Amino acid sequence: MQQRFTVLAVLVALVAAVQVGLGGDSQAIAWDNGLARTPPMGFNNWNATQCTPDFNAAMVESTADTLVSTGLAKSGYRYVNLDDCWAKSTRDDAGRLVPDPSRFPHGIKPIADYVHARGLKLGIYSSAGSTTCSAVGFPGGLGHEASDARQFADWGVDYLKYDNCNNRGVDARQRYTAMRDALAATHRPIVYSICEWGQSAPWQWASRVGNSWRTTADITDTWPSMQANFRQNVQLAGAAQPGHWNDPDLLEVGNGGMTAAEYRSQFSLWAMMAAPLLISTDLRRASNETLRVLGNSDLVAVDQDPLGRQAVQVVDTGGFNVLVKPLANGDRAVALFNETAAGSTIRTDLSAVGLPAGRYRSRDLWSGAVTEASGEIAAQVPAHSTVVYRLTAG
Ligand code: GLA
């Protein structure tokens with residue numbers, strides 16, 4: 001019996017390793033803190049403010065208010081995450097982190113209280129190194145894991161983004177595991193977001209350590225950067241599962257460097273890839289178009305689908321892509337993504353998206369138009385655009 005069980009366990013592990021398709025450790029036995037059963041959603045200030053003086057308590061509080069007043073909080077965006085530069089550049093005499101008094105004069109706890117009072121959650125940032133990534137080099141968590149985690153928990157923090165700068169060559173898995181254990185020891189539920197940029201192939205090990213792991217370099221507000229992060233992340237579908245997500249970095253939607261079609265593509269692709277949806281534009285000044293994109297509840301539902309599968313790319317030819325994401329109720333989300341500079345018809349069919357022959361109701365998740373599909377699935381897709389259909393049997 002014992003032996004049969006072992007054989008079965010090995011088989012399960014092998015299947016998982018093949019699904020990940022990348023060799024290395026199997027992720028079959030994932031660590032589980034019970035959090036992020038669907039990809040985390042919320043806000044992170046980095047792409048909007050970086051370390052400018054605009055990153056401060058007033059900005060964070062009015063962002064929380066805006067999440068509520070625009071209805072985005074109701075749509076699922078609940079983490080309000082502080083990125084780098086929230087701290088003073090030196091620890092206090094007791095080795096504690098000190099919030100920058102010019103940005104957060106009353107500290108972090110009142111900010112946590114403020115967002116909690118609005119039904120939201122607070123996230124914070126540190127690095128698994130001696131200092132963070134900003135040129136100033138704020139204190140990092142390496143060697144301070146237990147006391148930093150305790151401080152975050154005491155402040156009421158609900159999410160930690162843990163970066164990779166100035167890591168002194170210590171093995172990534174070891175550094176990130178130390179903080180995982182320190183967070184667990186606080187007994188506070190804290191989503192653990194590993195920001196290691198894909199350097200040690202975290203999709204092979206990080207489901208045992210964190211709730212998400214960055215798979216790419218930092219995104220910038222440009223089409224080529226968005227494309228590059230998509231291309232890297234889309235290959236890693238086998239590694240995503242409830243509680244553990246590939247993270248192709250923050251949303252750029254609304255920041256002005258891409259066209260409306262390109263932002264709609266980023267949002268569509270991130271939702272298909274079950275990526276964390278972290279808004280990173282100045283929400284206080286967001287246009288109606290930006291709010292419409294971020295608030296597309298049909299695409300949010302695709303991202304947040306409880307089955308927790310990342311879309312698989314079934315077509316990748318000459319800039320034409322088809323992605324397929326199976327959904328918990330048996331529906332399939334199908335994205336037709338045109339990376340080329342000219343409009344074109346993209347075609348696929350039911351068998352290519354894994355559906356048996358039959359009649360399906362096909363709903364366009366941007367226009368709302370409903371058509372019938374019984375063989376071919378096709379759309380005229382403008383340059384740099386993405387059409388997403390949700391196919392329902394019957
Ligand atoms: C790194 C991270 C970014 C951001 C900056 C902050 O570059 O990858 O997402 O957190 O550090 O300094």
Side-chain angles (χ1 to χ4, degrees), residues 39-56 59-60 63 79-90 97 99-100 103-104 108 122-142 148 152 157-168 170 172 175-176 179 190-203 206 209-222 224-226 228-230 232-233 236 245-255 257 266 270 273 275-282:
M41 291 177 67
F43 171 86
N44 172 301
N45 66 285
W46 184 249
N47 290 338
T49 66
Q50 302 220 337
C51 295
T52 60
D54 200 26
F55 174 43
N56 58 37
M59 178 256 167
V60 175
T63 297
Y79 288 95
V80 179
N81 295 348
L82 316 182
D83 210 281
D84 201 356
C85 303
W86 62 266
K88 257 177 82 165
S89 54
T90 47
L97 296 163
D100 178 339
R103 297 182 196 272
F104 298 100
I108 301 300
L122 188 76
I124 208 158
Y125 164 98
S126 185
S127 177
S130 53
T131 50
T132 68
C133 295
S134 113
V136 176
F138 300 99
L142 189 61
D148 287 358
F152 298 147
V157 164
D158 309 293
Y159 180 117
L160 173 66
K161 169 177 173 178
Y162 204 40
D163 215 331
N164 194 34
C165 285
N166 308 305
N167 59 49
R168 311 204 154 180
V170 183
R175 286 179 291 114
Y176 284 97
M179 184 52 92
I190 299 178
V191 171
Y192 186 27
S193 153
I194 295 173
C195 177
E196 181 271 355
W197 324 310
Q199 293 206 327
S200 68
W203 45 90
V209 181
N211 296 113
S212 65
W213 48 87
R214 278 272 301 277
T215 56
T216 67
D218 288 8
I219 196 165
T220 61
D221 189 16
T222 64
S225 166
M226 194 284 286
N229 283 17
F230 159 71
Q232 165 73 4
N233 196 73
L236 306 171
W245 310 102
N246 291 309
D247 175 6
D249 207 0
L250 306 166
L251 295 171
E252 289 284 4
V253 177
N255 284 333
Q266 188 192 14
W270 265 229
M273 295 191 295
L277 295 180
L278 294 168
I279 299 167
S280 197
T281 191
D282 186 344

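Whatever order the structure lists them in is the order used to number ligands and atoms, beginning at 1. For the single chain, residues carry numbers from 1 onward in sequence order. It should be emphasised that the depicted structure is a prediction, and the values quoted were computed from it without experimental measurement. The analysis underlying the following values was restricted to heavy atoms, covering all of them including side chains, and did not include hydrogens, waters or symmetry mates.
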Between C195 and ligand 1, find which residue part has any heavy-atom pair under 4.0 Å and reply side chain, backbone, both or neither. side chain
Close approach, T132 and ligand 1, non-hydrogen under 4.0 angstrom: no
Quick one: are V80 and N45 in side-chain contact, heavy atoms under 4.5 Å? no
With a cutoff of 4.0 Å, is Q50 in contact with ligand 1, counting heavy atoms of the residue only? no
Hey, do the aromatic rings of Y176 and Y162 have their centres closer than 6.0 Å? yes
Just to confirm my output: which protein heavy-atom neighbour is closest to atom 12 (O) of ligand 1, and how far is it? D84 OD2, 2.8 Å
Should you measure from each heavy atom of R214, which atoms of ligand 1 turn up under 4.0 Å away? 8 (O), 9 (O)
Quick one: nearest non-hydrogen protein atom to atom 9 (O) of ligand 1, plus distance? K161 NZ, 2.8 Å
I need the single residue from L82, L160, T132 that forms a side-chain contact (heavy atoms from CB on, under 4.5 Å) with Y125. Which is it? T132
May I ask you to decide if C85's main-chain N or O and R103's side chain share a donor-acceptor pair within less than 3.5 Å? yes
What atoms of ligand 1 come closer than 4.0 angstrom to any heavy atom of S134? 12 (O)
Nearest-neighbour protein heavy atom for atom 7 (O) of ligand 1, which is reported as residue plus atom name and distance: D218 OD2, 2.6 Å
Got the closest protein heavy atom to atom 2 (C) of ligand 1, with its distance? D163 OD2, 3.1 Å
Taking C-beta and beyond as the side chain, do Q266 and L251 meet within less than 4.5 Å on heavy atoms? yes
Taking the side chain as everything from C-beta on, heavy atoms only, tell me whether L277 gets closer than 4.5 Å to W270. yes
N/O to N/O below 3.5 Å, does that happen between D83 and ligand 1? yes
Validation row: L278, Y159 side chains within 4.5 angstrom (heavy atoms): yes
